[in-house]
Amino acid sequence: MRLPTNALSFKRLLLRWYRRQARDLPWRTTRDAYAIVVSEFMLQQTQVSRVLEYFPRFLRRYPTVHHLSRATPRQVRESWEGLGYYRRAENLHRLAKTIVREHEGEIPDDPERLRDLPGVGRYTAGAVAAFAYERRVAAVDTNVARVLTRVFGLRLPKGARREHRLWALASALLPKRRRAVWEFNQALMDLGATVCRARGPLCSTCPVRTACRTGRRLTSSGGSARARRRGRGSTPKR
Ligand code: SF4
């Protein structure tokens with residue numbers, strides 16, 4: 001895929017910002033695939049601040065995939081109480097049992113094999129492969145999709161073709177080195193969650209503004225200030 005002309009400068013600015021400003025999150029200080037799976041399940045549809053409460057508690061109670069696989073459905077549900085979307089807890093429990101039964105307790109590093117597990121879609125498979133195993137794969141969630149759409153001024157079709165183009169672009173943007181891939185994926189998520197928010201993007205102080213097609217347009221027209229006012233009080237996930 002041919003990269004947009006602002007791709008290189010965007011990547012450089014994004015990584016530079018991330019290395020200075022990365023959020024300190026406990027699932028970023030580990031490469032334990034099980035812990036990363038737990039964090040990814042919890043982060044679906046849930047604020048980071050809530051997950052920060054539940055994540056260490058859950059891991060204290062179920063420190064390994066074996067511990068979780070031996071729990072009863074009722075115990076797992078109790079541990080999830082308050083996080084909501086209990087379907088995630090059920091899927092996580094089923095995943096743990098499948099890993100122990102069919103994968104000798106080892107979570108696969110291949111996104112295709114990860115996608116065969118209960119509750120694991122394309123995004124979660126990419127995130128686990130990238131964050132636990134530093135595999136060179138993209139992970140496109142709504143935050144990342146929004147950042148890419150704005151930075152590259154994309155006009156996308158709807159449905160599957162939209163997904164296809166976003167994933168293709170995210171994959172083509174990945175750095176070559178594994179460690180840089182890990183950082184790049186994390187950085188995209190941080191930018192989408194804290195700066196390039198769904199409502200009220202902070203374009204005037206955005207670290208990638210000079211490489212962003214939307215940001216340049218908004219800041220020159222004063223649109224960012226309007227967007228900020230509109231977005232007051234919004235609470236980005238992840
Ligand atoms: S300049 Fe604005 S639109 Fe572009 S990435 Fe930053 S916050 Fe998002």
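Atoms within a ligand are numbered from 1 in the order they appear, just like the ligands themselves. All residue numbers refer to positions in the sequence shown, counting from 1.
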### Task
Grab the two heavy atoms, one from R150 and one from T214, that are nearest each other, plus how far apart they are.
O-OG1, 2.5 Å
#### Entry: Test item, V147 contacting ligand 1 (heavy atom, 4.0 angstrom)
no
### Task
State plainly whether one hydrophobic cluster holds both L15 and L8, where clusters connect Ile, Leu, Val, Met, Phe, Trp and Tyr through side-chain heavy atoms under 4.5 angstrom apart.
no
Counting from 1, what ligand 1 atoms have a heavy atom of [X] closer than 4.0 Å?
X: V151; value: 5 (S)
X: V208; value: 5 (S)
X: R150; value: 3 (S)

### Task
Using a cut-off of strictly less than 2.8 Å, determine whether C212 has an N/O/S atom near atom 4 (Fe) of ligand 1.
yes
### Task
Pick out which of R19, K11, R28 makes a salt bridge (Lys or Arg N to Asp or Glu O under 4.0 Å) with E183.
R19
### Query
Is it true that some N/O/S atom of C206, main chain or side chain, lies under 2.8 Å from atom 6 (Fe) of ligand 1?
yes
### T29 side-chain N/O to P26 backbone N/O, donor-acceptor pair under 3.5 Å
yes
#### Entry: Modelled atom types, side-chain donor and acceptor of N91 and R88, under 3.5 Å
no
#### Entry: Polar side chain donor-acceptor pair, H66 to S69, under 3.5 angstrom
no
Which protein heavy atom lies closest to [atom], and at what distance to 0.1 Å?
atom: atom 8 (Fe) of ligand 1; result: C196 SG, 2.4 Å
atom: atom 2 (Fe) of ligand 1; result: C203 SG, 2.3 Å
atom: atom 1 (S) of ligand 1; result: G215 CA, 3.4 Å

### Query
Are the aromatic ring centres of F152 and F10 under 6.0 angstrom apart?
yes
